[in-house]
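Residues take their numbers from the sequence shown, with the count starting at 1. Both counts, for ligands and for their atoms, begin at 1 and track the order of listing. Below, all heavy atoms of this structure are taken into account, side chains as well, without hydrogens, waters or symmetry copies.
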Amino acid sequence: MKSISLIQFLIEERRAGRINAELSLLIEVVARACKRIAVATNKGALGGVLGEAGTGNIQGEAQKKLDVISNEILLEANAWGGQLAACASEEMEDPQPIPDMYPKGNHLLLFDPLDGSSNIDVNISVGTIFSILRCPDGVTEPKAEHFLQPGTTQLGAGYVVYGPATVLVLTFGHGTHEFTLDREVGSFILSRRDIRIPEETGEFAINMSNQRHWEAPMQRYIGELLAGKDGPRGRDFNMRWVASMVADVHRIITRGGVFFYPLDAKIKSKGGKLRLMYEANPMAMIIEQAGGAATTGRERIMGIQPSGLHQRVPVFLGSKKEVEVATHYHVEADAAV
Ligand code: P6P
């Protein structure tokens, strides 16, 4: 089969009227930046990029050197292109304006530059997650409130997983598509078009060490999966937990499954663990466009009206039937109160 590069795919999408030239160029810039992040990440111990940066981010988390490097790569790559009005990142408290010496565009880019970075030093897959919004008309100096748009308004979303292969998964709201990096040529090549996630699955992902802290409906749901074929679900289930959302989501995009980061007593006051604007929303768009579902356990993630740039939410995403069962248990429990 003739290989289709990312650039050819983007041109086809433009010809079909599904994206405009500015969005197409923005994706190319982000993809090129992620190739540079892949090079830095793949150096491992030889690149002097492992370990702590000695700094902290807005989340109060110690930054890894590669967190800072990846963030800088994305900011530098997107400063001069003319497609953006501003960027926002997990690693920065406030949005970063486009420098005055460069032209501004009509898009807002949000990203987690290196998600799962606690896995870097043990050589487990990490990734970049990004979300693209339209800059509100007439806004030339976007502030945080201009980013606070529901996930349904995203113009595009994607992630790059830095694993045995470097793989870009992308959606513009017309299906979810996968591109694999041909390292010899340096191009992302279309490897799966219009991905569909099976509605049923026998594989779930959750950090079981938090079990004693979960809400009752989560205890019930996971308890039923663990009961296996002798339990109410009448089948055995398998479990995975990479502690790298991009890696867990990519497994689901590849073979189905369901991922949970539910509320628990430890994080209830923060609203959850994962961030809405640059983790949950882009992943929710990718999953929904592949036929899956994404909720907080109580509502559709992409329907949330954001209240803060670094807002956290519970995340239930993946094969539609399992997300619906787990969500139903939470809604039913709330109604019984
Ligand atoms: P825990 C990585 O820090 C991350 O944000 C996600 O990539 C991942 O799914 C989750 O946190 C892991 O959390 O509590 O299992 O370390």
Visitor: I need the full list of ring-ring contact (aromatic ring centres under 6.0 Å, His included) pairs touching residues 88-139, with sequence neighbours left out, sorted by first then second residue.
Guide: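 The answer is none; no pair qualifies.
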Visitor: May I ask you to check whether Thr295 and Thr327 show a side-chain donor-acceptor distance below 3.5 Å?
Guide: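 Yes, because at least one side-chain N or O of Thr295 sits under 3.5 Å from a partner of the opposite role on Thr327.
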Visitor: Looking just at side-chain N and O atoms, do Thr180 and Arg192 make a donor-acceptor pair shorter than 3.5 Å?
Guide: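 There is no such pair (donor and acceptor under 3.5 Å, judged by atom type) between the side chains of Thr180 and Arg192.
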Visitor: Counting only heavy atoms and a distance below 4.0 Å, can you name the residues contacting ligand 1?
Guide: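 Residues near ligand 1: Asp115, Gly116, Asn207, Trp241, Ala243, Ser244, Met245, Phe259, Tyr261, Lys273, Leu274, Arg275, Glu279.
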Visitor: Do any pairs count as a ring-ring contact (aromatic ring centres under 6.0 Å, His included) and have a residue in residues 267-300, sequence neighbours left out, and if so which ones?
Guide: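 As it turns out, the ring-ring contact (aromatic ring centres under 6.0 Å, His included) pairs with a partner in residues 267-300, which skip direct neighbours, are Tyr278-His310.
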Visitor: Tell me every residue that passes side-chain hydrogen bond (donor to acceptor under 3.5 Å, both in side chains) with Glu279, counting only those two or more places apart in sequence or in another chain.
Guide: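 Partners of Glu279 by the side-chain hydrogen bond (donor to acceptor under 3.5 Å, both in side chains) criterion, ordered by chain and then number, come out as Arg275.
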Visitor: Is a donor from one side chain sitting under 3.5 angstrom from an acceptor on the other, for Gln63 and Glu52?
Guide: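 Gln63 vs Glu52: no donor-acceptor pair found between side chains.
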